[in-house]
Amino acid sequence: DQQVKQNSPSLSVQEGRISILNCDYTNSMFDYFLWYKKYPAEGPTFLISISSIKDKNEDGRFTVFLNKSAKHLSLHIVPSQPGDSAVYFCAASASGSARQLTFGSGTQLTVLP
Amino acid sequence: ETGVTQTPRHLVMGMTNKKSLKCEQHLGHNAMYWYKQSAKKPLELMFVYSLEERVENNSVPSRFSPECPNSSHLFLHLHTLQPEDSALYLCASSQEVGTEAFFGQGTRLTVV
């Protein structure tokens, strides 16, 4: 049973518009969430993270929103650029002596010029 | 030079072969990981090492054998693999277990 779910395998957005990538989780013990970006033939690259004590974290064009009651987080990219085209993975972890990252299955974002 | 380096980048091996994947991190991190990525599936955590000690083994078949001789190096020894083991194997490191992980470029493994 997947504890971190990305229900949209793909998303296409026009350049300059907003991209919204969604992620849902089921484990209420998760308290730290991350987004990674992955280009073909490369490993995932860390983008942005958020702790459960916050509901928003912003870094340049990237903003992550966390809705704990809905167990939902989203990544907003604005404005979207063609170079943002990649697979985006959501990941989550829980406090504890063996905190590990649990990944979603990814969403392929395509930004159209 | 990237922070986490994996070799080889591509590997084709027969089911009776023995091979090893190598990972090296230059970031001074204390934790290292092996992940498996199969097509259209989430990244699967295989092994976690913290300060050269294995802290997690997620029910991985014994045909995969990790080795962490020091905090900068991690190996994955492979023997008698199956075709369904073909996947992208990713190494990662982080300052401590559970903090932001930095990934290598992965080894694309094909078992024939």
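From a predicted model like this one, the values you see are computed outputs, not experimental measurements. In the text below, chain A, chain B and the rest are named by the order of the sequence lines, each starting its count at 1.
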With Thr107(B), the side-chain contact (heavy atoms from CB on, under 4.5 Å) member among Gln6(B), Lys19(B), His10(B) | Gln6(B)

Which bit of Tyr39(A) is near chain B, if near means a heavy-atom gap under 4.5 Å: side chain, backbone, both or neither?
-> neither

Does a side chain donor of either Ser80(A) or Ser19(A) reach within less than 3.5 Å of an acceptor in the other side chain?
-> yes

Please determine, by modelled atom types, if His72(A) and Asp24(A) share a side-chain donor-acceptor pair under 3.5 angstrom.
-> yes

Ala92(B), part contacting chain A, at a heavy-atom distance under 4.5 Å | neither

Interchain contact, Arg108(B) with chain A, by part (heavy-atom threshold 4.5 Å) | neither

Side-chain donor or acceptor of Gln6(A) paired with backbone N/O of Pro9(A) under 3.5 Å | no

Pick one of side chain, backbone, both or neither for Leu90(B), based on which atoms fall under 4.5 Å of a heavy atom in chain A.
-> side chain

